[in-house]
Amino acid sequence: MSKKTVTDDISAEVRLELYRTQVRLREAEQRAFDLFLQNLVKGTSHLSLGQEAIAAGFAVAMQKGDLSFCTYRGHAHTLARGVPVEKVLGELMSRDNGLMRGKGGSMHLTSVEHGVMGSYAIIGAHLPIACGAAWRAQYRGDSDVSVCFFGDGTTNIGAFHEALNFAAIWKLPVVFVCENNLYMEYTPIADVTAVEHPAADRAAAYGLERIIIDGNDADEVLRTARKAYERARRGDGPSLIEAMTYRHSGHSRADPAKYRPEGELESWKKRDPIKMYRARLLKLGVSEAVLNTIDQEIKDEVEAATVACKAAPAPSADIIFTDVYADGGWAWRN
Amino acid sequence: MSKKTVTDDISAEVRLELYRTQVRLREAEQRAFDLFLQNLVKGTSHLSLGQEAIAAGFAVAMQKGDLSFCTYRGHAHTLARGVPVEKVLGELMSRDNGLMRGKGGSMHLTSVEHGVMGSYAIIGAHLPIACGAAWRAQYRGDSDVSVCFFGDGTTNIGAFHEALNFAAIWKLPVVFVCENNLYMEYTPIADVTAVEHPAADRAAAYGLERIIIDGNDADEVLRTARKAYERARRGDGPSLIEAMTYRHSGHSRADPAKYRPEGELESWKKRDPIKMYRARLLKLGVSEAVLNTIDQEIKDEVEAATVACKAAPAPSADIIFTDVYADGGWAWRN
Amino acid sequence: MAELTYRDAVARGIAQEMARDPDVVLIGEDIAKAGGVFKATVGLYEQFGPRRVRDTPISEQAILGAAMGAAMTGLKPIAEIMFADFAAVCWDYFANEFPKSRYMTNGQVKTPLVVRLGNGGGARFGAQHSQSVENWCMMIPGLKVVVPSSPIDVVGLMAAAVRDPDPVIFLEHKSLYATKGEVPDGEIVDTLGTAKILRPGKDATILALSLMVPRALEAADRLQAEHGIDCEVIDVRSLVPLDTQTILASVARTHRVFTVEENPRLCGWGAELMSIIADEAFYELDGPLVRITTPHIPLPAADVLEDLVIPNAARIVETVLRTLSN
Amino acid sequence: MAELTYRDAVARGIAQEMARDPDVVLIGEDIAKAGGVFKATVGLYEQFGPRRVRDTPISEQAILGAAMGAAMTGLKPIAEIMFADFAAVCWDYFANEFPKSRYMTNGQVKTPLVVRLGNGGGARFGAQHSQSVENWCMMIPGLKVVVPSSPIDVVGLMAAAVRDPDPVIFLEHKSLYATKGEVPDGEIVDTLGTAKILRPGKDATILALSLMVPRALEAADRLQAEHGIDCEVIDVRSLVPLDTQTILASVARTHRVFTVEENPRLCGWGAELMSIIADEAFYELDGPLVRITTPHIPLPAADVLEDLVIPNAARIVETVLRTLSN
Ligand SMILES: Cc1ncc(C[n+]2csc(CCOP(=O)(O)OP(=O)(O)O)c2C)c(N)n1
Ligand SMILES: Cc1ncc(C[n+]2csc(CCOP(=O)(O)OP(=O)(O)O)c2C)c(N)n1
Ligand SMILES: [Mg+2]
Ligand SMILES: [Mg+2]
């Protein structure tokens, strides 16, 4: 592969990293879906199939120490920060090797050591929380950025409004990323939102710039992320970014997504972020062999993770009573 | 008085009604303040001294059946709908002749027969509630408008955002009136808000027009109200109006308002809505005698109300256990 | 007479009332076209149309505020707050608005509405989607709180809730949606504030609610069959109004009491009932009042863990045995 | 040793901890320049500056979310939610976020923060500004809940709350702010989870909290002086952790128990304590467990009405007398 060709403002290494990350998210989540069909995933799960470019772009642009705040649809963002596939699948499968040993479940993936400060399942709750982490950075003079991911539907809940105003007036180093996948669960976002772009058309209400990007283009995502992170680190305050995308699967494992108009999925699949990115890399001169190697490495990683998870024991009963409080236990009385 | 001179798009009758209403609010609230100094007002109270033009303009423009939703700063809006002064002062003084016989207190003035659907003391709560009343009108084909009053500080709470979006997407006949008196309690609104005009600069976030008016000019208020009500009755949906004004007294009876920059109160007092409106009427040819008669009538009404309230008994103990439930009682068990 | 699921009973109860009263309307997230995430409102959109069955944004405060404003002015709204846990994002309406306005206004304002919540655990949804919030609701003066355990009760209590002139919190258990029961044809209207003795017994009273009812019944059967202990099982059904007469009369017969509660332990509905009993039936008691509850912890997601924390028949049997043999 | 008001004790406790630990920060509405609507944070802005003492918009969810995010990443925020009733507009953080994240993440996330609330009635503020929400907090697993009744306890428990690694809800009583008490000079650090026997007695145990503590003490004095009944008065102080040892030991000495609770009756903290006693100390009891509470109604605003519904010394005396003479 010729570095010259593939490098512009984005280096060849970063481009390959973007590719690798997207493939990793795709493969891991497709495996999650397979395991669900095998009845090995308990509880619910919300996949980001089709939305990988956003998770990849924002994560690859981060520095170590930057913090991610995710939703119940958080597998992709968690994996994108480098959390091992095994840890994620283990949690989905309620195994002892899971990220939280099964105590949190698929909607609460958290890996503080990787900067994944939690996945939040109550719509909107984590936007103010991300503000708080950013406030700490500002207070201490730390240089990290807090990045908060959420969906289009989330822009209609009160906490969104409070967080955006709060971040703006305190000029907090926080980046709000709205993944507009056109649906709030089963309802088209347009049916329940007063503006066309649920996030971007409200940026001005917080004195912020209107930013809409192609969320299926990892390069565009990365460039946007870099700019927003720089702004935050400079002390210029928050950004609100609306990334247009589409989820290939249903809202959650329970949803066959029959509410979609005919052809919508197909047309978006033509704009599959990974397919498009692969094509771009090839066009930029990356050899098919390099990409195939990456594909294979990821497949192997996911396969190994699956094997490990299937072999992993269920969590032991004693952890039921651990970590309610900081002393490690749950005692509410003497 | 020459009807010709005083009448343009606003009739002479309406103009006098606007004057009378403003004077009535002023006198009644000033009396409330005096009674507080005499230790006859229990609990808290929040006066609208200086903000009368807004209450008067919106109320006078209403039709019978239109509904008002107010805040803890609700005396003015309640009185403006024609609720007797005695009923309001009685409630402030915790007397049996009060609007709610002392059960609600100054922050919860309600008179359903006058269309005053309640005064709400939790910031933001009544915006969604007003939506609900408007939804009923839409559902039934009723022609009434719901009018919801709140302050500048209220625009930063989540319920504001949810209500505005909700009203917009359902095109509800509701009018949101933000009385921007420059302060959220003791904090200048500019210190805690990301935009200059906390309501108007956010109207676009709900697909609504940006409307800012002089809240100390009763005519401008009335004209704006009429337009908004017409729009609502036509089925064209909600309006969000920001009326600039200033409160002459502190936030509540506990507040001496020392946080104001020097001269601010004085400069706003020059723009006292009643002083200005009186001057306008005189200029338009209304005789001083007519206005003095109104002034005297109001003074007499307030004085009579005061006498009645002072003579009124405290509420009787038995009402403690009435009206928790619709059967008139409070029984939670058999 | 048809066999219905608890899930279908919800839709049937709502349909019965919507057909009867044009003021009854239904709102919530994905409840219309999609029939609800729990499929408990399937068919209502088709039957009653988009005017009466409306999808909302993710704006729980707007949903409940709108329900309240509509109720104040003449409608009888049924609002869904999908998972009971989400009551926390609109708690102001539960706690400060609709339960208090009638009182504060000296009777001027009415709020006849129903809030439906998908309550309880067992679906491996984790700590933020599995809570039992009946005690959150019971502690607020001015609310009524209904917690049905069977399809027939769902229909009848839904009708009673919709017809009730006060705000009623209607807690549907997610793990009961798929359960089935016989439901007679025709209109069914039950009465709020009535507990049901589902199994008479003389040795001890077991008070249960919702998902805990079938488990209490199973435990009672085993206690009888395996240990000769004859438990009376009462489905409390309605926390407010509370049928203290039925409960206290049972205590006066059995002299021993247990609660089976899914809510976390502290300040659960069982604490209230036990306190009432410890005050008003103290001299009837032959031994300690024992609550069988989920421990006071957030709910874990993993199946093996969740199954260990929510009370089940085995734990009930074991607790009753241990207590009565002391 | 100085005489301090309860109000000033709040500021002193916070100042003590802010001076000691640069990670302690204070946020809330009008708490900085204005010193708080209850004047409980007067002087802190001047002493610690705008970086550490910050006014916020009316955005209670943002306040608590920000406190949580800061706590997760290293600060020790103290957040004020002005009137306890407003907990309802940000209840998600109390109920679903900070109490659950440590558990859900298997110990990865910590949330060492303090939420201060202006709790309780007596100021004629009406139903939406007068509530006692200690039971709202007690029922949520993962929270700690502290309810001081005197200036010295305010200082010491505030210090303990700030230093505690878990989320602590700190309920200040609005009607106690003006009360005074001796507070020693120098650092004061108390211990969470410890009840205090304020008045030893042998005939009955009275469990009280916050504003109800002075009333219980007054009642006990009158019961002694006028009726020869010797009551032990325990200031529970901390609902979570709960000092059951002190409470159960007292019950074992007196054999009769009363609670005095300001919260509305159903599912109050007293229901929990009575249930614990009815289970674990059943055989120590000589008579019914009696809770003296605000009735289960919204609070009326008028002075004459409010004074009738919140428990006072006369009602305590009367209830104890009537109960013990039965
Ligand atoms: C407060 C709250 N209300 C409702 C839900 C249920 N819910 C979960 S995901 C979802 C849709 C969210 O849509 P969007 O923000 O667009 O995110 P997406 O799922 O499309 O990624 C809803 C309504 C919730 N979790 N929390
Ligand atoms: C949810 C909530 N938070 C805080 C308060 C306390 N509070 C009462 S009035 C007020 C200021 C409101 O300011 P604004 O909306 O500008 O109205 P104004 O008082 O100026 O009329 C605050 C913070 C409240 N009542 N409810
Ligand atoms: Mg979406
Ligand atoms: Mg204001």
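The sequence lines fix the lettering, A, B, ..., with proteins before strands; numbering per chain opens at 1.
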OG1-CD distance between B/Thr187 and D/Glu29, expressed to the nearest 0.5 angstrom: 8.5 Å
Using non-hydrogen atoms only, which part of B/Asp191 is less than 4.5 Å away from chain D: side chain, backbone, both, or neither? side chain
Where does B/Ile189 contact chain D at under 4.5 Å (heavy atoms): side chain, backbone, both or neither? neither
Give, as side chain, backbone, both or neither, the part of D/His296 having an atom under 4.5 angstrom from any heavy atom of chain B. both
Name the option with the most non-hydrogen atom pairs under 4.5 Å to chain B; the candidates are D/Pro295, D/Ala34, D/Ala123. D/Pro295
Which answer fits B/Ser252, side chain, backbone, both or neither, if we ask what part of it has an atom under 4.5 Å from a heavy atom of chain D? neither
Answer with side chain, backbone, both or neither: which region of D/Leu299 has an atom nearer than 4.5 Å to a non-hydrogen atom of chain B? backbone
Residues in residues 92-102 of chain B that sit under 4.5 Å from chain D, counting heavy atoms only: B/Ser94, B/Arg101, B/Gly102
So what's closer than 4.5 Å to chain D heavy atoms on B/Phe160: side chain, backbone, both or neither? neither
Between CG of D/Leu266 and CH2 of B/Trp332, what distance do you get to the nearest 0.5 Å? 4.5 Å
When rounded to the nearest 0.5 angstrom, what is the spacing between CG in D/Asp30 and OH in B/Tyr259? 8.0 Å
Among residues 31-44 of chain B, which residues come closer than 4.5 Å to chain D, judged by heavy atom distances? B/Lys42, B/Gly43, B/Thr44
Side-chain donor/acceptor pairs under 3.5 Å, residues 120-131 of chain B, sequence neighbours excluded:
from     : atom 1 : to       : atom 2 : distance (Å)
B/Tyr120 : OH     : B/Met117 : O      : 2.9
B/His126 : NE2    : B/Phe149 : O      : 2.6

Go through D/Val304, D/Asp303, D/Asp85 and name the one with the most non-hydrogen pairs under 4.5 angstrom from chain B. D/Asp303
Using non-hydrogen atoms and a 4.5 Å limit, figure out which bit of B/Met107 sits close to chain D: side chain, backbone, both or neither. side chain
Nearest-0.5 Å distance that lies between atom CZ in D/Arg265 and atom CZ in B/Arg333: 8.5 Å
Can you measure from CD1 (B/Ile320) to CG (D/Leu305) and round to the nearest 0.5 angstrom? 5.0 Å
Residues 50-59 of chain D vs chain B, non-hydrogen distance cutoff under 4.5 Å, contacting residues -> D/Asp55, D/Thr56, D/Pro57, D/Ile58, D/Ser59
Can you tell which part of B/Ala317 gets under 4.5 Å to a heavy atom of chain D, answering side chain, backbone, both or neither? both
dist B/Ser119:OG -> D/Gln128:CD (nearest 0.5 Å) comes out at 10.0 Å
NZ (D/Lys180) with more than 12 external heavy atoms under 6.0 Å: no
